[in-house]
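I have placed the structure first, in the form of structure tokens, so that the comments after it can refer back to it.
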Amino acid sequence: MSGSITARITLPEQAHRGEVVPIRVLVRHPMDRGIDAPGLRPVPRRILHSFRVTYAGEEVFRMDLSPGIAANPYVEFTTVAVETGDLVFEWIEDGGAVYRREARLVVA
Amino acid sequence: MNAVRRRALLAVPVAAAVARDVAAQPAVEEDFAAAERAILAGRTPVAGGIAIDMPQLSENGNSVDLAIKVESAMTATDHVTAIHILAEKNPVPRVARFALSPRAGRAEVATRIRLATTQTILVLAETSTGQVHRASRDVIVILGACVDGG
């Protein structure tokens, strides 16, 4: 089960082997907290609770998110450039929906 | 003796009411303390080794920039395995957890969090050697992220 999601992934197009590469990910999502307050139409909790990044098939980063993460979650992390390959970004939403995006890192 | 018993009976509801008050009020902080204890799992944290970059004063609690840097060589034998963000007065004290490996190169993460009110942010960083680093920062929030004004 894989849907589409709007994400802006920023990473250098090219890196040297062994270089520490910064990766910035901004994804469009309301991160509904399921607040039940007077005057509000109750919306069930629906957040991206898990974010996982693999690089050339190996997991390099994982984040557990809570309702305490702002809407349109932004994450910044680093990874060591080891080889030319795809970074796969995977979000899991409440209810089990999985969203996936890919980006290629060329290592010289 | 009768008087004593009556006094004892009188004292019971008062004590119960006090106990209920105490239990009802700092429920959120209790959860926060429990969350920290659960992460520490009996280990004693070491103060410092963590730089928290966050504004001292935040106009809008719906989105607060937070960047964390942990001093670590990130080698195979000595690296940060997890970074936890806890918010003292948020309805959910465990805000986020990051899992890292030597493949990260540096123990640096950044994100944007929601803050219900003025409070303390706590960061715990677990290392592969079994140590836990601890650092905290106070933040003043003008407009909280909670709809009920809390």
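Residue numbering restarts at 1 for every chain, and letters A, B, ... go by the order of the sequence lines. These values consider heavy atoms only, across backbone and side chains, with no hydrogens, waters or symmetry-generated copies. Remember, it's a predicted structure, so these values are computed and weren't measured experimentally.
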Using non-hydrogen atoms and a limit below 4.5 Å, what part of [range] faces chain A?
| range | answer |
| --- | --- |
| residues 40-52 of chain B | none |
| residues 130-143 of chain B | none |
| residues 60-75 of chain B | B:Asn62, B:Ser63 |

Within the 4.5 Å heavy-atom criterion, are A:Met63 and B:Thr111 side-chain neighbours or not?
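Sidechains of B:Thr111 and A:Met63: in contact.
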In one Ile/Leu/Val/Met/Phe/Trp/Tyr side-chain cluster, 4.5 Å: [X], [Y]:
| X | Y | value |
| --- | --- | --- |
| A:Val82 | A:Phe77 | yes |
| A:Ile5 | A:Leu11 | yes |
| B:Leu86 | B:Val92 | no |
| A:Ile9 | A:Leu26 | no |

Can you tell me how far [atom2] of [Y] sits from [atom1] of [X], rounded to the nearest 0.5 angstrom?
| X | Y | atom1 | atom2 | result |
| --- | --- | --- | --- | --- |
| B:Arg114 | A:Met31 | CZ | CE | 6.5 Å |
| A:Leu65 | B:Ile113 | CG | CD1 | 12.0 Å |
| A:Phe61 | B:Phe98 | CZ | CZ | 5.5 Å |
| A:Tyr55 | B:Arg103 | OH | CZ | 7.0 Å |

Top contributor to chain B interface from A:Gly18, A:Gly68, A:Ala81, A:Pro22 [non-hydrogen pairs under 4.5 Å]:
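Of the options given, most contacts go to A:Gly68.
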Contact class of [X] relative to chain B, heavy atoms under 4.5 angstrom:
| X | result |
| --- | --- |
| A:Val25 | neither |
| A:Pro67 | both |
| A:Ile23 | neither |

Test: side-chain hydrogen bond (donor to acceptor under 3.5 Å, both in side chains). Region: residues 63-77 of chain A. Which pairs qualify, not counting sequence neighbours?
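Only A:Asp64-B:Arg97, A:Tyr74-A:Glu76 qualify under side-chain hydrogen bond (donor to acceptor under 3.5 Å, both in side chains).
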So which of B:Gly105, B:Pro102, B:Ala104 has the largest heavy-atom pair count under 4.5 angstrom toward chain A?
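Answer, by heavy-atom pair count under 4.5 Å with chain A: B:Ala104.
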When you measure from the side chain of A:Thr78 to the backbone N and O of B:Arg106, does any donor-acceptor pair fall under 3.5 Å?
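Looks like yes, one N/O pair under 3.5 Å.
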